[in-house]
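Shown next, in structure tokens, is the structure this report addresses.
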Amino acid sequence: ADKEISWIYCGDKIDPIHEKYIKEWEGKNPGWKVTPEVVGWEQCQDKATTLAAAGTPVGMAYVGSRTLKEFAQNDLIVPVPMTDDEKKSYYPNIVDTVTFDNNQWGVPVAFSTKALYWNKDIFKQAGLDPENPPKTWAEEIAAAKQIKEKTGIAGYGLPAKTFDNTMHQFMHWVYTNNGKVIDGDKIVMDSPEVLAALQAYKDITPYSVEGATAYEQNEIRAIFLDGKVGMIQAGSGAAARLKDTKINWGVAPLPLGPSAKGEGTLLITDSLAVFKGTGVEDKAIEFAKFITSPGPQGEYELQGGAGLTPLRPSPKVDEFVKADPSWKPFIDGITFGGPEPLFTDYKGFQNSMIEMVQSVVTGKAEPADALKKAAGEIEAFK
Amino acid sequence: MKQPHLLIHRYKWYEIIGIYAGILVFLTFVLAPFVEGFLVSLKPLSQLFSSPYRFIPENGSFEAYRTMWVSVPGFARYIFNSFFISTIVTAVVLVLVIPASYAFARFEFKGAGLLLGAFLAVNMFSGAVLLIPLFRLMRTLGLLNTYFAIMVPGVAFLIPSAIWLLRTYMMRIPRELDEAAFVDGASHFYTLRRVILPIAMPGIMVVAITTFIGSYAQQFIFALTFNSKTEFAPLPVGLFAYFGRQEVVWNELMAASFVGIAPAMIVIFFLQRYLVSGLTAGAVKQ
Amino acid sequence: MSVQRNAVIFAWILLLPAVLYVAVIVAYPLVDTFILSFTDASLKKTTNWVGWVNYSKIFNATFAEVIIRTFIWTFFSVSIKMIIGVFGATMLNSAVPGRALFRVLTMPPWIVPMAIGIFMWGWMYNGQFGMISGMLQRFGLVDAPVAFLAQGSTAFWATIITDVWIGVPLVTLYMLAAMQAIPQDLYEAAWTDGAGRFYRFRRITLPLIVPSMITMSMLSLIATFNSFDIIWILTRGGPSGETTTMIIDTYKTAIGSNKYGEGAARAVLICIFLSIFCVCYFRVTSRLTSGDKR
Amino acid sequence: MGQLLLNKVQKFYGDFEVLKGVQLEVRNGEFVVFVGPSGCGKSTLLRMIAGLDATSGGDIVIDGLRVNDLPPVKRGIAMVFQSYALYPHMSVFENIAFPLRVEKMEEQKLKAKVEHAARILHLDQRLQQKPGMLSGGQRQRVAIGRAIVREPKIFLFDEPLSNLDAALRADMRIELAKLHRQLKATMIYVTHDQIEAMTMADRIVVLNAGEIAQTGAPLELYHKPANIFVAAFIGNPKMNFLPVTCTGVSDAGIEIDYKGQKAVIPVTPRGGAIGKQLTLGVRPEHIQIGSGDIAFTVTPSVIERLGAQTVAYASLDGESENFCATLHGRAAVHPDQPLATGINVADCHLFDEVGIAFERHVELTSIDMNLLNPTAA
Amino acid sequence: MGQLLLNKVQKFYGDFEVLKGVQLEVRNGEFVVFVGPSGCGKSTLLRMIAGLDATSGGDIVIDGLRVNDLPPVKRGIAMVFQSYALYPHMSVFENIAFPLRVEKMEEQKLKAKVEHAARILHLDQRLQQKPGMLSGGQRQRVAIGRAIVREPKIFLFDEPLSNLDAALRADMRIELAKLHRQLKATMIYVTHDQIEAMTMADRIVVLNAGEIAQTGAPLELYHKPANIFVAAFIGNPKMNFLPVTCTGVSDAGIEIDYKGQKAVIPVTPRGGAIGKQLTLGVRPEHIQIGSGDIAFTVTPSVIERLGAQTVAYASLDGESENFCATLHGRAAVHPDQPLATGINVADCHLFDEVGIAFERHVELTSIDMNLLNPTAA
Ligand SMILES: Nc1ncnc2c1ncn2[C@@H]1O[C@H](COP(=O)(O)OP(=O)(O)OP(=O)(O)O)[C@@H](O)[C@H]1O
Ligand SMILES: Nc1ncnc2c1ncn2[C@@H]1O[C@H](COP(=O)(O)OP(=O)(O)OP(=O)(O)O)[C@@H](O)[C@H]1O
Ligand SMILES: [Mg+2]
Ligand SMILES: [Mg+2]
């Protein structure tokens with residue numbers, strides 16, 4: 001009988017491009033079969049974890065790269081070492097997102113970065129230059145204030161719901177101010193850079209969409225699409241949607257904080273992790289590398305609409321950016337971007353971060369205190 | 001309007017208004033989310049996220065009720081699965097619960113109270129917490145990725161309340177009926193089958209309905225964890241198919257929800273009489 | 001005495017399938033959970049016996065807050081459910097045309113898959129696009145959109161309301177049944193003595209449904225205490241943990257952070273709390289209902 | 001005051017006419033008993049008087065006021081239900097006090113009233129108990145107590161004794177009769193037990209299928225039943241009926257022929273009876289051993305010896321119904337042994353072919369002076 | 001055969017001794033009635049005989065076989081329950097056929113049996129109906145039918161008539177008596193209605209608080225009650241009791257003094273009675289208007305005129321209980337008017353200070369020959 005590589009595939013259905021390449025790979029590897037199991041995004045990762053924890057791991061799963069450390073430390077996954085050539089083919093910093101203990105633990109399969117979207121009509125209405133988006137936090141806050149005061153419309157969309165992307169959004173601010181949460185094994189979050197980011201959050205809140213803690217980023221995006229907020233930071237997916245609206249919009253690199261060294265963003269990747277104990281680890285690695293190799297991956301990520309940023313530079317990408325300049329800010333940010341911090345108890349860390357953001361946004365705590373408290377808490381989650 | 005014969009049921013005009021107002025308030029609370037859900041299902045996706053809030057959807061249409069079948073092709077199968085699973089679960093629960101309730105209602109034996117309490121305690125642990133041990137068990141039993149993976153734990157968590165309900169009902173059946181059968185030489189089992197079972201039918205109906213609905217509602221978490229095969233997935237899991245990577249197809253999701261619960265609603269509509277009276281009666285009117 | 005002994009044996013034969021089933025499917029995982037609560041089980045392949053560590057870890061200021069919050073949340077949710085349920089049952093119990101239809105119309109929240117019901121509430125609570133905020137703005141009661149899930153205080157109540165909504169149909173149904181079991185002649189006697197509708201409700205209906213209310217509130221209490229999906233889908237226990245109840249905390253610990261040992265300890269704690277409740281309940285009811293028989 | 005007038009009172013359930021225009025006047029202070037077989041409409045009529053059931057036609061007038069549309073409390077009535085309708089969750093005190101609490105009576109006065117009622121009904125010791133702890137008779141008294149405290153003009157009772165056992169029923173009968181004299185209130189009492197009716201009523205109303213069959217004092221119904229229905233219904237064991245032929249009419253009465261024996265029954269004849277098939281009625285207690293104006297031999301199949309009385313049941317030739325005789329306690333009768341019996345014409349009742357009685361020549365006042373003035377009792 | 005022996009049968013509920021060593025023998029074909037007040041243990045005893053309740057002590061022997069540990073069906077008994085315990089979902093036919101279905105009797109034979117039973121009980125027309133559509137009496141007959149088809153050795157009835165109304169009760173009494181003669185089976189019948197006991201029993205067993213107070217033929221209990229309890233329980237209205245003093249003893253009987261009047265009661269004396277407080281018992285039906293061996297004047301407060309009889313209730317000086325007299329239907333008594341009455345010593349009962357009767361000089365066989373040979377009835 002055929003040997004099987006089971007693959008937990010997040011989404012509602014298998015992407016046709018992946019389907020095509022699975023066929024191709026199966027054709028090249030007779031006796032092998034890839035059996036994807038489609039699981040909705042909400043439960044995708046939990047399912048892979050549960051299966052592994054219960055001792056029946058799947059061959060391969062689509063997981064957020066942030067969990068790789070936890071999996072690795074608990075001996076659930078096998079390393080997927082990359083050759084230097086392979087590493088070089090990616091944009092900078094991307095390989096870092098899957099690297100831990102000098103080893104790669106997953107193959108990046110999806111990548112996203114963020115940029116600032118602004119509504120030109122609202123800018124105009126508020127007396128701002130619609131063609132000149134804010135370049136720094138100070139400008140951004142000032143613009144938000146002016147919009148709010150002149151038009152009554154919220155100037156900025158700040159998502160702060162108890163949701164994972166609340167931390168992501170904040171990490172964009174940290175990385176646009178050259179901040180860091182963890183350095184090797186040391187928590188370095190209680191730093192002036194991060195404090196400045198948190199202070200900026202506090203400063204912009206009054207001019208943001210009412211009730212920030214009720215919204216996550218997709219909901220904020222919907223408000224922007226509805227023309228009810230001046231600026232948001234969002235992924236490439238927003239651009240695709242904006243094209244269907246009457247809104248006059250622009251997209252620019254994320255504004256920078258006072259300590260910034262250059263354009264930055266949080267680099268979020270999802271990876272294919274190969275689980276230990278299935279007996280097909282080697283073949284699974286082989287397949288993972290195949291399905292993320294420049295050919296298939298390039299086709300997959302440039303379909304647009306899914307909000308993905310290309311993982312590797314290529315002539316095709318350049319062509320693409322030329323055709324649609326709104327892609328540029330997303331790629332420019334990569335150079336100074338940082339990875340999601342890797343923690344053993346990633347959820348614990350994330351909860352503390354969300355808590356910190358929320359306490360500042362709702363005015364329950366001063367930024368400095370909140371930061372100190374969170375920095376203390378996350379020590380336990382390394 | 002026909003005047004009731006019992007004058008105590010004759011209302012003054014202001015009482016009628018009061019009652020209908022009360023019912024209106026009550027039903028508003030109960031149905032408001034459905035109204036919202038229904039409106040959502042009528043609006044085109046692009047219009048969903050638009051303010052100011054408009055109660056009546058602009059150029060609303062039933063388009064979602066058509067496209068939902070297209071965007072999630074297996075949807076009919078999910079509804080069928082839900083029905084199928086609930087039916088089997090209900091049948092198994094009844095088979096297990098009827099004799100047990102009879103034992104609790106009729107026999108005095110040591111530890112009856114304790115055992116009854118133990119059944120209640122099952123409800124104190126929510127399924128979510130037991131997920132991992134349950135998963136191991138399902139794997140040991142080799143039930144993963146089958147219909148059984150959803151049915152087996154489902155039955156276990158529905159048994160306690162079913163026993164409580166049916167036991168109360170059976171206790172109201174006059175004991176003389178058992179005794180008469182016993183005197184006539186009927187075995188306990190014969191008595192249960194020929195005497196108690198038919199008389200307890202209204203109570204069994206109630207238990208069947210509540211179990212069916214309970215099973216309908218509970219399938220999600222078990223289905224998700226213990227089953228990976230799309231062909232066995234029930235409605236609640238199917239509904240999650242409308243959550244894309246970036247986008248929830250809200251209007252189709254709501255449309256699908258309404259279509260999905262329609263069969264259960266129809267069942268309830270025809271059985272509500274039995275529901276209320278089955279809970280009330282119990283006593284055998286001779 | 002053999003007659004009796006045979007009966008007892010038969011009773012056990014009848015019980016055996018259900019008992020065995022529940023024992024294997026539920027009791028086994030329960031015991032597993034109990035044992036787990038004394039280990040450091042996590043994603044790691046090896047687990048160690050740690051004794052009471054998990055339990056001692058639980059007791060800190062934050063968790064005390066969670067416990068208190070859980071109790072308050074449960075208390076309000078159950079009370080409001082009972083109040084609305086009794087109110088609804090009273091309305092549906094009146095002899096007005098259309099009541100059969102109205103009775104059917106109370107059922108949907110019970111039938112609809114829970115997650116869907118919660119999504120619909122999520123829509124209602126949405127500040128920008130939701131019905132409640134929209135209506136309030138339309139009628140000029142507020143001038144800016146209100147995001148009900150944004151503030152701890154409103155989110156707390158929003159989750160309670162949703163929980164109430166899901167629980168109300170069953171409570172209403174039971175209360176309706178309890179009311180219908182009250183003999184009609186009691187009302188006629190009271191009416192003959194001049195008691196008005198409200199007086200009859202207060203002095204006859206209410207006292208006589210108390211036993212049913214107690215039973216229902218206990219069952220409801222167990223369900224509510226363990227109510228998970230509602231809070232999880234609406235707020236994930238936020239903002240700032242202000243809707244985190246014990247079960248949410250347990251889930252976050254066990255499934256979210258993969259600390260199975262600590263999660264199990266929390267689950268055991270929940271069960272202990274509920275058991276204490278139920279014992280008290282049996283005490284109270286047996287006292288309340290004694291001597292009330294006609 | 002507690003005077004009640006029923007004027008052509010009708011009740012329909014759908015197309016089914018339960019009460020067919022009942023016409024009745026009840027005097028103040030009277031004790032009226034409605035009797036009749038099950039389903040004849042007694043309860044329905046009572047509930048209409050109480051204001052619990054709607055009236056389909058006719059008027060109900062209490063003390064000159066048409067009350068058809070008034071709620072019960074405004075009619076000045078109190079009702080004692082067959083099931084007692086005690087509130088199981090309230091103590092005896094609270095049960096009795098209920099109507100006063102509704103009125104918001106001041107506590108002091110309320111207490112005095114309840115205690116007074118409890119004393120009358122010998123419930124003083126039970127006031128703090130719940131109804132569940134009381135015996136049937138005590139419950140019944142609580143129900144009456146609840147009616148008493150309101151001091152209604154009219155008491156309505158719906159088979160209040162039917163749930164009690166025989167001994168208790170006898171006791172309660174006496175207590176109710178005493179209570180009636182004590183309170184001097186109008187009482188309307190429904191029962192299907194004719195002994196209750198006979199012993200308690202000033203006046204009995206016999207209902208048959210929604211119509212009044214006869215109204216009168218108990219002994220009037222016993223001695224002068226207006227028709228076969230009443231004759232059969234009143235008296236226990238019930239009257240025996242024999243088919244006879246009318247052979248002549250005179251001032252002394254009607255001459256009849258029973259299987260060849262002729263006798264003149266002292267009743268007032270009505271035109272054209274000669275030759276017709278009539279029905280002769282004779283009560284079991286009027287059959288004597290030996291001979292009489294009409295004599296016949298019966299063979300009892302069942303003998304019931306009650307000590308004080310002996311009841312013999314026999315089948316007569318060609319009759320399907322039992323023929324019954326009540327004899328004294330030591331009567332020498334034995335099953336399956338033929339017995340010579342006789343009846344006197346003075347004890348006989350005679351009914352025409354549609355069941356209407358011929359009036360007997362009996363002076364009722366010679367039996368009970370009260371019949372001259374019923375309300376004086 | 002259907003012979004039953006109860007040997008020191010005891011029943012405890014916890015520490016509460018419900019039956020205190022009951023000793024009784026029931027002959028084949030006998031109709032035995034257990035009577036006694038509510039709660040005296042009648043039902044418990046019957047259920048122990050049936051095998052529904054366990055025995056705490058003693059033996060139950062049916063036809064020489066100790067059956068204590070046998071299930072009901074092996075005891076050869078059939079039981080008719082007070083509530084009839086009909087299966088509401090089965091037709092009358094199926095209800096009656098139930099015991100035969102349990103036995104898996106062959107269809108043809110089963111049908112014949114059920115139809116035979118239905119004919120006996122006049123249920124032929126009702127076989128296809130459900131119990132809910134039947135009247136009380138019909139339901140009762142179905143319950144009996146279910147007992148009959150099994151052809152048990154012993155029939156057990158637990159108050160089968162208590163749910164019926166008076167008229168139906170009288171009819172069913174006769175039918176049951178007929179049935180007993182027809183089937184010639186042993187029947188044990190529980191009731192708390194002493195009229196039922198008197199009319200149906202070959203032998204009555206009076207139970208009082210878990211003990212047998214007296215066993216005997218109905219008229220034996222009526223004329224020669226062994227103690228005050230039985231004297232009061234048997235007879236309706238119940239016996240009147242007067243406190244008297246014993247002033248002398250002779251062969252003719254015991255001389256007593258009642259408020260100065262002296263009389264000799266014809267009873268067999270027992271040692272040392274002189275000077276003691278005794279109780280004189282006299283039944284209401286033995287009180288006559290005018291005079292007698294003992295005379296006294298009473299003032300009736302309540303008069304019940306039943307037509308055939310008149311019952312007068314009066315209070316005697318210094319007595320709390322009602323004094324009751326049953327007079328003939330046209331007796332000239334009126335409430336609150338003093339009435340001279342008398343009793344004859346031959347009708348009197350006399351009880352010692354602990355309530356045990358002195359034996360009366362009455363020849364029972366002069367009243368009913370059956371008492372010589374009770375089973376011949
Ligand atoms: N709600 C109703 N709908 C239809 N018919 C009714 C209703 N209530 C009573 N009846 C009919 O009216 C008739 C009279 O009923 P009612 O209760 O007055 O009888 P009753 O004389 O009190 O009998 P019982 O002695 O059995 O109490 C019966 O034939 C009964 O079937
Ligand atoms: N299961 C039981 N547990 C405790 N006591 C009981 C039980 N059943 C009966 N008793 C008691 O035993 C006594 C006799 O009861 P039983 O039912 O035999 O009386 P009964 O003579 O049939 O009365 P009734 O005429 O009211 O039917 C009563 O005092 C009763 O309280
Ligand atoms: Mg009636
Ligand atoms: Mg009994």
Side-chain angles (χ1 to χ4, degrees), chain B residues 1 4 8-9 15-16 19 22-23 26-27 30-34 36-37 40 48-49 51-53 96-97 99-100 102-103 107 109 119-126 128-130 132-134 137 152-153 155-156 159 188 213 217 220 235-236 239 257 261 264-265 268-269 272 275-276 279-280, chain C residues 7-8 10-11 14-15 17-18 21-22 25-26 28-30 32-33 87-88 91 94-97 102-117 120-121 123-124 128-129 131 134 137 168 173 176-177 180-181 187-188 191 222 226 228 247 250-251 254 260 267 271 274 278:
Chain B
M1 177 184 123
I8 196 170
H9 289 152
E15 285 170 330
I16 302 241
I19 289 167
I23 291 176
F26 180 71
L27 288 184
V30 168
L31 298 179
F34 288 93
E36 174 91 339
V40 167
L48 271 180
F49 298 94
S51 57
Y53 181 80
L96 292 175
V97 149
Y102 180 60
F107 297 97
F109 53 93
F119 272 115
L120 191 65
V122 168
N123 282 358
M124 295 181 196
F125 282 88
S126 71
V129 176
L130 297 180
I132 299 220
L134 261 179
L137 183 71
V152 168
V155 168
I159 284 178
H188 288 298
I213 307 259
F220 180 60
L235 175 67
L239 287 174
S257 307
I261 66 167
M265 276 305 285
I268 287 284
F269 182 83
Q272 72 92 17
L275 257 185
V276 178
L279 282 169
T280 314
Chain C
V8 170
F10 182 69
L14 291 179
L15 282 170
Y21 193 101
V22 173
I25 306 299
V26 185
Y28 168 74
L30 275 186
D32 214 20
T33 303
F87 173 80
M91 292 301 141
S94 24
V96 293
F102 297 144
R103 281 178 192 177
V104 176
L105 289 180
T106 55
M107 309 290 174
W110 178 39
I111 299 165
V112 71
M114 214 193 250
I116 298 303
M120 297 195 289
W121 275 99
W123 266 100
M124 302 248 296
Q128 294 289 326
F129 312 113
M131 180 150 87
Q137 276 176 277
V168 147
L173 199 66
L176 188 59
Q180 299 220 316
Y187 291 112
E188 292 187 339
W191 189 42
I222 293 176
N226 278 329
F228 169 74
I247 188 76
T250 306
Y251 183 86
Y260 305 127
C271 191
L274 287 175
C278 290

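Keep in mind that what you see is a predicted model, and the values were worked out from it rather than measured.
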Nearest 0.5 Å, what's the CD1-CD1 distance between C:Ile111 and B:Ile261? 6.5 Å
Where on C:Tyr187 is there a heavy atom nearer than 4.5 Å to chain B: the side chain, the backbone, both, or neither? both
Suppose we screen for side-chain contact (heavy atoms from CB on, under 4.5 Å). Which residues come up paired with B:Val30, at least two apart in sequence or across chains? B:Phe26, C:Pro109, C:Val168
Examine whether an atom of C:Glu188 lies under 4.5 Å from a heavy atom of chain B, and if so say whether it belongs to the side chain, the backbone or both; otherwise answer neither. both
Kindly determine whether C:Ile25 and B:Val155 satisfy side chain to side chain contact (heavy atoms under 4.5 Å, CB included), including the steps that lead there. CA-CA 9 Å; C:Ile25 306 299; B:Val155 168; over 6 Å; no
Please report the interatomic distance CG(C:Leu15) to CZ(B:Phe119), rounded to the nearest 0.5 Å. 6.5 Å
If every non-hydrogen atom of B:Pro133 is compared with every non-hydrogen atom of C:Thr33, which pair is closest and at what distance? CG-OG1, 3.9 Å
Give, as side chain, backbone, both or neither, the part of C:Phe87 having an atom under 4.5 angstrom from any heavy atom of chain B. side chain
Only counting residues at least two apart or in another chain, list the ones meeting side-chain contact (heavy atoms from CB on, under 4.5 Å) with C:Tyr28. B:Leu137
Heavy-atom closest pair, residues B:Ala156 and C:Val26: CB-CG2, 3.4 Å
For chain B, find which of C:Gly88, C:Gly117, C:Pro108 contributes the most heavy-atom pairs closer than 4.5 angstrom. C:Pro108
Under 4.5 Å from any heavy atom of chain C - which part of B:Leu27: side chain
With chain B as the partner, which of C:Tyr260, C:Trp191, C:Trp123 has the greatest number of non-hydrogen pairs under 4.5 Å? C:Trp123
Do the ring planes of B:Phe107 and C:Phe10 sit parallel (below 30°), tilted (30 to 60°) or perpendicular (above 60°)? perpendicular
So which heavy atom on C:Met91 is nearest to which on B:Ile23, and how close? CB-CG1, 3.6 Å
For B:Leu134 versus C:Pro29, what's the shortest heavy-atom pair and its separation? CD2-CG, 3.9 Å
Do B:Glu36 and C:Met120 have side chains that get closer than 4.5 Å, going by heavy atoms? no
Among B:Leu31, B:Leu96, B:Val97, which residue has the highest count of heavy-atom pairs closer than 4.5 Å to chain C? B:Leu96
Can a donor-acceptor pair be found, under 3.5 Å and without considering hydrogens, that links the side chain of C:Tyr21 to the backbone of B:Ile159? no
